[in-house]
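Numbers restart at 1 for each chain; the letters A, B, ... are given by sequence-line order, proteins then strands. Small disclaimer: the values here were computed from a predicted structure and weren't measured.
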Number of protein chains: 2
Amino acid sequence: MHGATHHLTALERAEALCQTRGVQLTPLRRDVLRLVLEAEAPIGAYALLDQLKASRPKAAPPTVYRALDFLLEQGLIHRLERLNAFMGCTEALEGHDHDHDHAHDHPHQFLICRGCGATREISDHAVEAAIAAAAARGGFSAPRATVEIEGLCAKCGAAKP
Amino acid sequence: MHGATHHLTALERAEALCQTRGVQLTPLRRDVLRLVLEAEAPIGAYALLDQLKASRPKAAPPTVYRALDFLLEQGLIHRLERLNAFMGCTEALEGHDHDHDHAHDHPHQFLICRGCGATREISDHAVEAAIAAAAARGGFSAPRATVEIEGLCAKCGAAKP
DNA sequence: GTGGCATTGTTATCTTATAACACTCACGAC
DNA sequence: GTCGTGAGTGTTATAAGATAACAATGCCAC
Ligand SMILES: [Zn+2]
Ligand SMILES: [Zn+2]
Ligand SMILES: [Zn+2]
Ligand SMILES: [Zn+2]
């Protein structure tokens, strides 16, 4: 299936990124990242832990949370606040030839389908600009925004109405 | 102090809104709403519970969560996903003469200061429009967005840089 | 080798949220 | 009257998400 090469590529990208930055994508962190990428939708820490235990019986909550913290710091994954779940960063791992330093913390938004749970990361400049303007108007500086848009994806929207 | 009349007014608005809708703002729900409004920043469910116990020793987690669920459904409060906390809805309770039906679920965004925790609700049409456009471009319909903008408020931005 | 430093293991605990069931009370049907 | 019925609340227990604290390992520099 195409997912395999897709994930391999993403993991290789992650590896390269970490080497460039002089940080270690250890086997544990790599495994957690792989599990996040293999999930079809954002996945919670304890679901990850369950799966991780298959190959690492010693895993405990701190095991997975520390790996997730690392991946978040490196911008390899994002956290979905509404879902208490995590997903891979499209920008960092499916690279559209962007500046890699940028991937550390780039403006992004999520489209979450309330029908099937499918979630997509986007990076909409108009949204980002409007938010920056609104923050400035409110006297806020150095804004970083959590934007999670919940609706029906094309597939679910066509099936239901 | 002016806070007292401010809160009284907000509670009276809530009362009127509930009567119009044929739902009950019971003493318990009213107490929880009052505590949310009295807090200077978004407040968590268990902090509310602690304060609620002062007047209602029998209160337990479901007590406060059920009241919060009601207040959320009626649009009298909002939930801040990043903080796991709640605050009063400026639009519904400090009424700018908007349509009251609108208050049930209106577009809104939050400005959260990472310095002092002060949080402000805004309703920025440009942000809302940009989000609606981005969602449509992604094939998503009926979008409702969680927008939480974290930065430094004017006070904290002036003190630190 | 010894002293840091990063990583992982291990145990315990904390915070946030919900499930499940019992009880009361108000209201209308009969 | 009394018998549902339903909304609201009380009560107990548990699920789900996250972190604190300390020990053990492995690696590299000196
Ligand atoms: Zn991303
Ligand atoms: Zn869908
Ligand atoms: Zn509001
Ligand atoms: Zn501030």
Side-chain angles (χ1 to χ4, degrees), chain A residues 14-15 18-19 21-36 39 41-74 76-87 117 146 148, chain B residues 14-15 18-19 21-36 39 41-74 76-87 117 146 148:
Chain A
E15 196 88 58
C18 287
Q19 283 205 358
R21 294 173 183 166
V23 298
Q24 306 178 52
L25 186 62
T26 62
L28 170 62
R29 291 164 176 172
R30 190 185 166 95
D31 281 355
V32 172
L33 177 56
R34 183 176 46 75
L35 290 172
V36 169
I43 185 172
Y46 279 74
L48 280 171
L49 178 55
D50 283 344
Q51 298 190 29
L52 193 63
K53 276 178 175 166
S55 62
R56 296 171 175 267
K58 294 185 275 190
T63 312
V64 62
Y65 276 106
R66 288 192 285 226
L68 289 171
D69 285 346
F70 170 85
L71 298 170
L72 286 168
E73 274 167 22
Q74 297 303 319
L76 300 175
I77 63 173
H78 294 299
R79 175 185 167 82
L80 286 114
E81 298 293 339
R82 291 181 61 105
L83 307 177
N84 293 334
F86 304 84
M87 70 179 293
T146 296
E148 301 180 2
Chain B
E15 194 89 57
C18 288
Q19 283 207 356
R21 294 173 184 168
V23 297
Q24 306 179 52
L25 186 63
T26 62
L28 171 62
R29 291 165 175 173
R30 190 185 166 95
D31 281 356
V32 172
L33 177 56
R34 181 176 48 73
L35 290 172
V36 170
I43 183 171
Y46 280 73
L48 279 171
L49 178 56
D50 283 344
Q51 296 189 30
L52 193 63
K53 277 180 175 165
S55 62
R56 296 172 175 268
K58 292 184 278 189
T63 312
V64 62
Y65 276 104
R66 288 193 285 227
L68 289 171
D69 284 345
F70 170 85
L71 297 171
L72 286 169
E73 274 167 21
Q74 297 304 318
L76 300 175
I77 63 174
H78 294 299
R79 175 183 167 82
L80 287 115
E81 299 292 339
R82 289 180 63 104
L83 307 177
N84 292 333
F86 304 85
M87 69 179 295
T146 296
E148 301 180 2

Integer-rounded Å distance: [N] [atom2] and [X] [atom1]:
X	N	atom1	atom2	value
A:Asn84	D:dA15	CG	P	18 Å
A:Leu49	C:dT8	CG	C1'	14 Å
A:Asp31	C:dT7	CG	P	16 Å
A:Phe86	D:dA18	CZ	C1'	9 Å
A:Leu71	C:dT7	CG	P	12 Å
B:Gln74	D:dG8	CD	C1'	14 Å
B:Leu83	C:dT15	CG	C1'	14 Å
B:Leu28	C:dC25	CG	C1'	16 Å

[options]: which one has an atom nearest the side-chain heavy atoms of [X]?
X	options	value
A:Thr26	C:dT10, C:dT7, D:dT9	C:dT7
B:Pro62	D:dT11, D:dT9, C:dA17	D:dT11
B:Pro61	D:dG17, C:dT7, C:dA17	C:dA17
A:Thr63	D:dA18, C:dG9, C:dA17	C:dG9
B:Ala45	C:dA20, C:dT8, C:dA17	C:dA17
B:Arg66	C:dT16, C:dT10, C:dC21	C:dC21

Identified side-chain contact (heavy atoms from CB on, under 4.5 Å) counterpart of A:Arg82 within the set B:Arg79, B:Glu81, B:Arg82: B:Glu81

Both A:Lys58 and A:Phe70 contact DNA chain C. Which one's nearest nucleotide lies toward the 5' end? A:Phe70

State the CZ-CD1 distance between A:Phe70 and A:Ile77, to the nearest 0.5 angstrom. 10.5 Å

Between A:Arg34 and A:Asp31, does at least one N-O distance fall below 4.0 Å, as a salt bridge requires? yes

Which heavy atom of B:Lys53 sits nearest to which heavy atom of B:Ala59, and what is that distance? CE-O, 3.5 Å

Classify the side chain of B:Arg56 and the base of D:dG10 as holding, or not holding, a donor-acceptor pair under 3.5 Å. no

Would you say the side chain of A:Tyr46 and the base of D:dA15 hold a donor-acceptor pair, judged only by whether the two atoms sit under 3.5 Å apart? no

Hey, is B:Tyr65 doing a stacking thing with C:dT18, by the 5.5 Å centroid and 30° angle criteria? no

B:Gln19 side chain near B:Arg21 side chain, heavy-atom distance below 4.5 Å: no

Does a side-chain N or O from B:Gln24 land closer than 4.0 Å to OP1 or OP2 of D:dG8, or not? yes

Residue closer to the 5' end of DNA chain D, B:Val23 versus A:Ala85 (nearest nucleotide): B:Val23

